[in-house]
Amino acid sequence: MRIAEIFRSKQGEGFWTGTDSLFIRVSGCPLHCGFCDTAYASWKIDRAEELSCDQILTRVLAEETEHVVITGGEPMVQTGIVELTHRLSELGRTITIETAGIAALPVKCDLMSISPKRSNSTPLGAPEEVIRRHETLRDQKQIVRRLIADYPYQLKFVVDHPDDLDDIDGYLTALGSVDSSRVCVMPMAVDTPSMAEKLVWIRPYCRARGFYYTSRMQLVWFGNRRGT
Ligand code: SF4
């Protein structure tokens, strides 16, 4: 698998916020979202190493974390993730996969963290071909429905403006059959002041619908730093 970095930290987002975890960040993502905060692992790749499953597991075994988070980049487009997750499961690890919900593979997973990419993710200003690919790939409801049916999940939306909330409502209606307690809404932010400003309108929206609002606690704990 092409791996951008492996590091130990705390999960900063979603249901398992605060959980000590080993993060395996795969390299490469076909989407190129405008707000991507891991471009170095997605399309502006400055370092990545090709590691076998055994090599990754050696790194995992060197840590004592029960939780392993496979993130990206986009993990679900790397076929090596199938063997990796099955072997992690045999080792008794609890596995989160963070995906945009654009591909499905027969992985083992305890929490499928799906972050559908909405219209606010369009990479405005990017070359036309990049925008076209992003718009073609980003919204694949049939795959999201399949992941929801097959795994314990959280459905995590990134919002920047109050108008984005209407977009979530429309998406969920079109998707159908989503447990509202599995929906998370998270501010688009790379610093704590802008995150706090957005939580002012995110919180009441979530409370009214029974959704979960999630901060990006890694910004509070570590700042906007790589490897956290
Ligand atoms: S799907 Fe995620 S990793 Fe890929 S470009 Fe978008 S924000 Fe970045």
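All ligand and atom numbering here is 1-based and tracks the order in the structure. The structure presented is a predicted model; accordingly, all values stated were derived computationally and were not measured.
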Exercise. Quick one: closest heavy-atom pair of Thr38 and Gly72, and the distance?
Key: OG1-O, 3.5 Å
Exercise. Please determine if Glu13 and Lys156 form a salt bridge, counting it only when a charged side-chain N lies under 4.0 Å from a carboxylate O.
Key: yes
Quiz item: Of all the non-hydrogen atoms in the protein, which one sits nearest to atom 2 (Fe) of ligand 1, and at what distance?
Solution: Lys117 CE, 3.9 Å
Practice problem: Starting from atom 3 (S) of ligand 1, locate the nearest protein heavy atom and write down its residue, its atom name and how far away it is, to 0.1 Å. | Solution: Ser42 OG, 3.4 Å
Quiz prompt | atom 8 (Fe) of ligand 1: the protein heavy-atom neighbour that sits closest, reported with distance to 0.1 Å | solution = Cys36 SG, 2.3 Å
Quiz item: Picking from Asp169, Asp164, Asp167, what satisfies salt bridge (Lys or Arg N to Asp or Glu O under 4.0 Å) with Arg118?
Solution: Asp167
Quiz item: How does Cys33 reach ligand 1, if at all, at less than 4.0 Å between non-hydrogen atoms: by side chain, backbone, both, or neither?
Solution: both
Quiz item: Which of the atoms of ligand 1 are close to Leu31, meaning less than 4.0 Å from one of its heavy atoms?
Solution: 1 (S)
Practice problem: Would you check if atom 6 (Fe) of ligand 1 lies under 2.8 Å from any N, O or S atom of His32? | Solution: no
Quiz item: Can we say Arg132 and Glu128 salt-bridge, meaning some charged N sits less than 4.0 Å from an Asp/Glu carboxylate O?
Solution: yes
Self-check item: Heavy atom of the protein closest to atom 4 (Fe) of ligand 1 (residue, atom name, distance)
Solution: Cys29 SG, 2.3 Å
Quiz prompt | Subset of ligand 1 atoms that lie under 4.0 Å from at least one heavy atom of Gly73 | solution = 3 (S)
Self-check item: Distance-only side-chain donor-acceptor flag, Gln154 / Ser113, under 3.5 Å
Solution: yes
Self-check item: Asp160/Lys198 ion pair, N-O < 4.0 Å
Solution: yes
